[in-house]
There are 2 protein chains.
Amino acid sequence: MTEARDRLSSPAAPYGSRRMSSARRAIAETAALMDGAFTAESLHDRVVASRPGIGLATVYRAVAAMADAGYLARVGERDGAALYAVCGHDGHHHHAVCERCGAVTPVECAFVPSALPAGFAMTRHEVAIYGVCAECQGSERGGSR
Amino acid sequence: MTEARDRLSSPAAPYGSRRMSSARRAIAETAALMDGAFTAESLHDRVVASRPGIGLATVYRAVAAMADAGYLARVGERDGAALYAVCGHDGHHHHAVCERCGAVTPVECAFVPSALPAGFAMTRHEVAIYGVCAECQGSERGGSR
DNA sequence: CCGTGAAGTGAGAACCGCTCTCAGTTGGAG
DNA sequence: CTCCAACTGAGAGCGGTTCTCACTTCACGG
């Protein structure tokens with residue numbers, strides 16, 4: 001997750017080629033600090049803690065822009081809310097989400113196109129993987145998020 | 001989809017071992033008539049057409065019960081609404097949904113556990129596959145649903 | 001440096017899929 | 001037939017997300 005912070009100053013900005021406002025910078029920095037999956041609302045909570053006044057709608061817009069730019073990935077959902085995570089991994093892949101601590105690990109896409117019905121032209125597919133990470137299994141009571 | 005209708009009178013009722021009311025019977029029969037994926041609301045629309053007075057909440061409850069009993073499967077979503085389909089297929093599998101006509105085809109699960117991070121205990125995974133079926137590719141303008 | 005226009009922002013209302021509540025109804029076991 | 005738990009319909013409620021609108025701010029050209 002540390003390398004994610006580095007990307008903040010790299011040419012590949014979290015928002016692609018769009019404009020960078022101070023609010024967006026704060027949101028991207030906070031997202032980089034979240035270790036693991038987070039919802040737009042939990043990100044908003046944390047952003048507001050360090051920079052009061054940021055609106056929830058702004059966070060939603062920033063998250064959409066970052067997901068669009070590939071800086072964030074939608075990794076699943078919890079209680080009906082979308083889960084996101086910072087993802088510097090390149091290429092097509094999915095994510096395994098620990099339901100206890102929220103840790104996110106990239107998982108290679110094992111999708112076999114031959115399994116599809118004949119003639120079906122797949123345009124996209126979504127995979128969400130939930131479970132308990134090794135660390136949380138080790139410790140009797142896992143972390144919380 | 002015809003074999004799905006047969007299941008209505010089979011011992012494996014759409015609602016498992018629960019009570020069968022006339023409303024639920026109408027909903028299960030209508031679900032069997034929907035060829036392809038449908039939302040709870042579109043199912044409600046169609047149920048109401050043939051049997052006015054059925055409430056939306058009742059359809060939601062029936063859909064939940066049928067999904068619980070394995071008669072329906074959640075096959076994806078469209079515009080934020082859950083897509084369901086009647087599914088007689090046994091065993092663990094997923095579904096390919098045609099985004100044009102809504103046709104649903106079972107797809108074997110090609111998930112490789114070895115792709116998971118070491119020690120990660122997967123509890124569940126969700127896969128949604130979208131594309132265009134062979135039939136819709138053949139006809140310039142596909143069906144609608 | 002400024003002026004300018006487009007992009008971004010904040011607040012709150014609106015939206016929408018879905019669930020809950022409650023009083024009334026009904027299926028089916030006994 | 002009796003009885004009661006399960007089911008129903010209507011509408012309110014909920015929660016995540018998006019929209020609207022007036023205002024601010026970024027960044028580019030001059």
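So you know, we letter chains A, B, ... as the sequences are listed, proteins then strands, and number each from 1. Basis for what follows: all heavy atoms, side chains included, without hydrogens, waters or symmetry-related copies. Note that the structure is a prediction, hence the values are computed from the model and not measured.
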Of the listed nucleotides C:dG10, C:dT9, D:dT17, the one nearest the side chain of A:Ile54: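 My answer, after comparing the listed nucleotides, is C:dG10.
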Please identify each residue that fulfils side-chain hydrogen bond (donor to acceptor under 3.5 Å, both in side chains) with [X], with sequence neighbours left out.
{"X": "B:Asp45", "answer": "none"}
{"X": "B:Glu126", "answer": "B:Arg124"}
{"X": "A:Ser22", "answer": "A:Arg51"}
{"X": "A:Ser42", "answer": "A:Thr39"}

How bent is the helix from C:dC1-D:dG30 to C:dG30-D:dC1, comparing axes over its five end pairs at each side, to the nearest 10°?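 Helix axis angle between the two ends: 30°.
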If I take atom [atom1] in residue [X] and atom [atom2] in nucleotide [N], what distance separates them, rounded to the nearest angstrom?
{"X": "A:Arg51", "N": "C:dT9", "atom1": "CZ", "atom2": "P", "result": "9 Å"}
{"X": "A:Asp68", "N": "C:dG8", "atom1": "CG", "atom2": "P", "result": "12 Å"}
{"X": "A:Arg24", "N": "D:dA27", "atom1": "CZ", "atom2": "P", "result": "11 Å"}
{"X": "A:Phe38", "N": "D:dT17", "atom1": "CZ", "atom2": "P", "result": "12 Å"}
{"X": "B:Leu43", "N": "C:dG17", "atom1": "CG", "atom2": "P", "result": "15 Å"}
{"X": "B:Met66", "N": "D:dC7", "atom1": "CE", "atom2": "C1'", "result": "14 Å"}
{"X": "B:Tyr60", "N": "C:dT19", "atom1": "OH", "atom2": "C1'", "result": "10 Å"}

Write down the protein N/O and nucleotide N/O pairs, taken from nucleotides 24-30 of chain C, whose separation is under 3.5 Å; answer none if there are no such pairs.
| residue | atom | partner | partner atom | Å |
| --- | --- | --- | --- | --- |
| C:dT26 | O2 | B:Arg19 | NH2 | 2.9 |

Show me the pairs that pass ring pair (Phe, Tyr, Trp, His ring centres under 6.0 Å) and involve residues 99-121 of chain B, at least two apart or across chains.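 Sorted result for residues 99-121 of chain B: B:Phe111-B:His125.
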Could I get the full list of side-chain contact (heavy atoms from CB on, under 4.5 Å) partners for A:Ala57, not counting sequence neighbours?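 Applying side-chain contact (heavy atoms from CB on, under 4.5 Å) to A:Ala57 gives A:Arg61.
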Just to verify, what does A:Glu77 make a side-chain contact (heavy atoms from CB on, under 4.5 Å) with, not counting sequence neighbours?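 By the side-chain contact (heavy atoms from CB on, under 4.5 Å) rule, A:Glu77 matches A:Arg74, A:Tyr130.
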Please list, pair by pair, any protein nitrogen or oxygen found under 3.5 Å from a nitrogen or oxygen in nucleotides 19-21 of chain D.
none

For B:Ala82, which contact category applies under a 4.0 Å heavy-atom criterion: base, sugar-phosphate, or nothing?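 Result for B:Ala82 = sugar-phosphate.
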Select base, sugar-phosphate, or nothing to describe what B:Leu56 touches, counting heavy atoms under 4.0 Å on all strands.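 Nothing, no heavy atom under 4.0 Å.
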Distance under 6.0 Å and angle within 45° of the ring axis: does A:Arg46 meet both against A:Phe38?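 Judged by the rule (NZ or CZ under 6.0 Å from the ring centre, within 45° of its axis), A:Arg46 is not positioned above A:Phe38.
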Taking all non-hydrogen atoms of both residues, which atom of B:Val86 and which atom of B:Ala31 are closest, and how far apart?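 Scanning both residues, the minimum pair turns out to be CG2-O, 3.4 Å.
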Cluster companions of A:Val132 among Ile, Leu, Val, Met, Phe, Trp, Tyr (side-chain spacing under 4.5 Å):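 Besides A:Val132, the cluster holds no residue at all.
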Quick one: hydrophobic cluster around A:Tyr60, which other residues, with the 4.5 Å side-chain cut-off, linked directly or via members?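 Joined to A:Tyr60, directly or through intermediates: A:Leu56.
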